[in-house]
Amino acid sequence: MATSNPTSAWHASMKRPKRGVPEGLWQRCPGCQATIFCKEAEKRLGVCPECDYHWYVSARQRILQILDDGTFEEWDGDLQPTDPLQFSDKKPYRERIKAEQARTGLLDAALTGTGMIRARRVAFGVTDSAFIMGSMGAVVGEKLTRLIERATEQRLALIIISASGGGARMHEGILSLMQMAKVSAALARYDQAGGLFISVLTNPTMGGVAASFASLGDLIFAEPKALIGFAGPRTIQATIRIELPKGFQTSEFLLEHGYIDRIVRRCDLKTEIARAIDYCGK
Ligand SMILES: [Zn+2]
C-alpha cells in the first residue's frame, strides 16, 4: 500500500461530516461542540485538544499511526465481496458495495497485513467503520482468518484494531454469521500455538465483531470513551426489561468491570502495544 502523508489522510477523513463549517480549516468537535482548528487536532492524531474526544480515523490512517513508516505490506488486498443472496434493502447490496468502495477507497471493511511496530514485526489488521459500519461479511472474516493463520505460521504477535459499529453484515445473511465462528476458531489455534493477540477496541465496537474476535484478545485495550457492546441499549432494555446503568457500554465502565484491560489514549497506543509485546516476551 502506498503510504501517503498522515496529515492529508486525516484531512480526507474530516471532509465528510462538515455541516456548515468551512471545509478543511475548522471542525466542530462531537464531544464538546467546540470549533477546533483542524491542524491542531491533526497534530494529535485526530483527538480534540479541548476535551480529548477521539475522532473517527480511517483504516489507512491507523496503519500510518501505528506501524513504522513504510513497513506495511498488505495481505489479501484483492479480496472483494460478492452478493450471494442477491440481497436488497434500500438499494441492492451489489450497488451498495460499489458506492462504499468508491467513497472509502477500500474494497471491504478491513485491511490486513504485516508491518513493524517500533521495529517489532507483527501481523496487523484493522476494520473501518466508514465501510458499511465496519461490519463483518465473508471478506472481512476471510481476511482476518488468513491474517491469524499467517500469524500462527510465522509466529508473529497479532494486533487487530476494531472500529465496527455494524457487527455481522446482514446483507450476507448466514455467511456473515459464520465468520464469527471461523475467526474465533483460527484464534483458538493461534492461542494453542502460544501466540499473543492484542485486541484494540475503538469507537464503535459492537455486534458480531464485539461478540467474536474483538473480545478474544489476550490483552484488550480500548480508546477512551469508545462505545463497546453487543446490542444497542434500547434493544437490551426491551429484551430484559431492567434499567441499565448509565454509560454501561463505554470503555470506562467496561474497564471497571474487567471486560477490558487498559484504556489507552491514541497518542500512547503505539508505545503501549510495543511495550506489551516486549512484556509478554513475543
Ligand atoms: Zn472536544
Side-chain angles (χ1 to χ4, degrees), residues 4-67 103-106 109 126-134 159-166 199-207 209-210 214 220-229 232-234 244-257 259-273:
S4 59
N5 176 348
T7 302
S8 63
W10 196 73
H11 251 296
S13 82
M14 295 286 288
K15 275 181 188 157
R16 265 178 293 108
K18 32 188 194 239
R19 292 194 191 103
V21 181
E23 189 176 307
L25 268 184
W26 301 90
Q27 179 78 19
R28 188 175 296 279
C29 169
C32 65
Q33 308 304 318
T35 306
I36 305 299
F37 191 42
C38 284
K39 284 233 155 46
E40 196 52 40
E42 273 166 27
K43 273 194 277 178
R44 297 160 192 261
L45 307 177
V47 173
C48 174
E50 301 291 329
C51 72
D52 206 40
Y53 179 84
H54 282 50
W55 244 290
Y56 159 80
V57 291
S58 69
R60 288 212 154 81
Q61 268 175 278
R62 286 282 179 194
I63 289 168
L64 297 172
Q65 290 182 1
I66 300 291
L67 298 179
R103 195 172 58 79
T104 61
L106 299 167
V126 53
T127 65
D128 193 322
S129 62
F131 194 106
I132 315 186
M133 305 282 282
I159 319 299
I160 301 178
I161 301 188
S162 300
S164 293
S199 177
V200 181
L201 315 183
T202 72
N203 188 37
T205 298
M206 297 291 286
V209 168
I220 301 184
F221 292 167
E223 286 192 338
K225 294 183 186 154
L227 178 71
I228 300 162
R234 260 181 308 166
L244 295 160
K246 199 171 178 293
F248 75 108
Q249 288 178 319
T250 59
S251 307
E252 289 71 17
F253 185 93
L254 294 170
L255 176 72
E256 215 170 286
H257 291 79
Y259 181 90
I260 62 173
D261 297 303
R262 180 171 287 187
I263 294 175
V264 184
R265 296 179 65 221
R266 195 172 286 161
C267 58
D268 300 324
L269 197 51
K270 181 170 180 168
T271 301
E272 283 300 305
I273 292 171

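We count ligands from 1, going down the list as the structure has it; atoms in each ligand are counted the same way.
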Any residue meeting ring-ring contact (aromatic ring centres under 6.0 Å, His included) with Tyr259, in chain and number order, not counting sequence neighbours: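 If we apply the ring-ring contact (aromatic ring centres under 6.0 Å, His included) test to Tyr259, skipping adjacent residues, there are no hits.
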Set of residues satisfying ring-ring contact (aromatic ring centres under 6.0 Å, His included) with respect to Phe37, sequence neighbours excluded: Trp26
Any residue meeting side chain to side chain donor-acceptor pair (under 3.5 Å) with Ser164, in chain and number order, not counting sequence neighbours: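 By the side chain to side chain donor-acceptor pair (under 3.5 Å) rule, Ser164 matches Thr127.
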Which atoms form the tightest heavy-atom contact between [X] and [Y], and what is the distance?
X: Phe253; Y: Gly247; result: CB-O, 3.1 Å
X: Glu272; Y: Val264; result: CG-CG1, 3.7 Å
X: Gly229; Y: Gln249; result: CA-NE2, 3.8 Å

Tally, protein N/O/S atoms nearer to the Zn ion (ligand 1) than 2.8 Å: 4
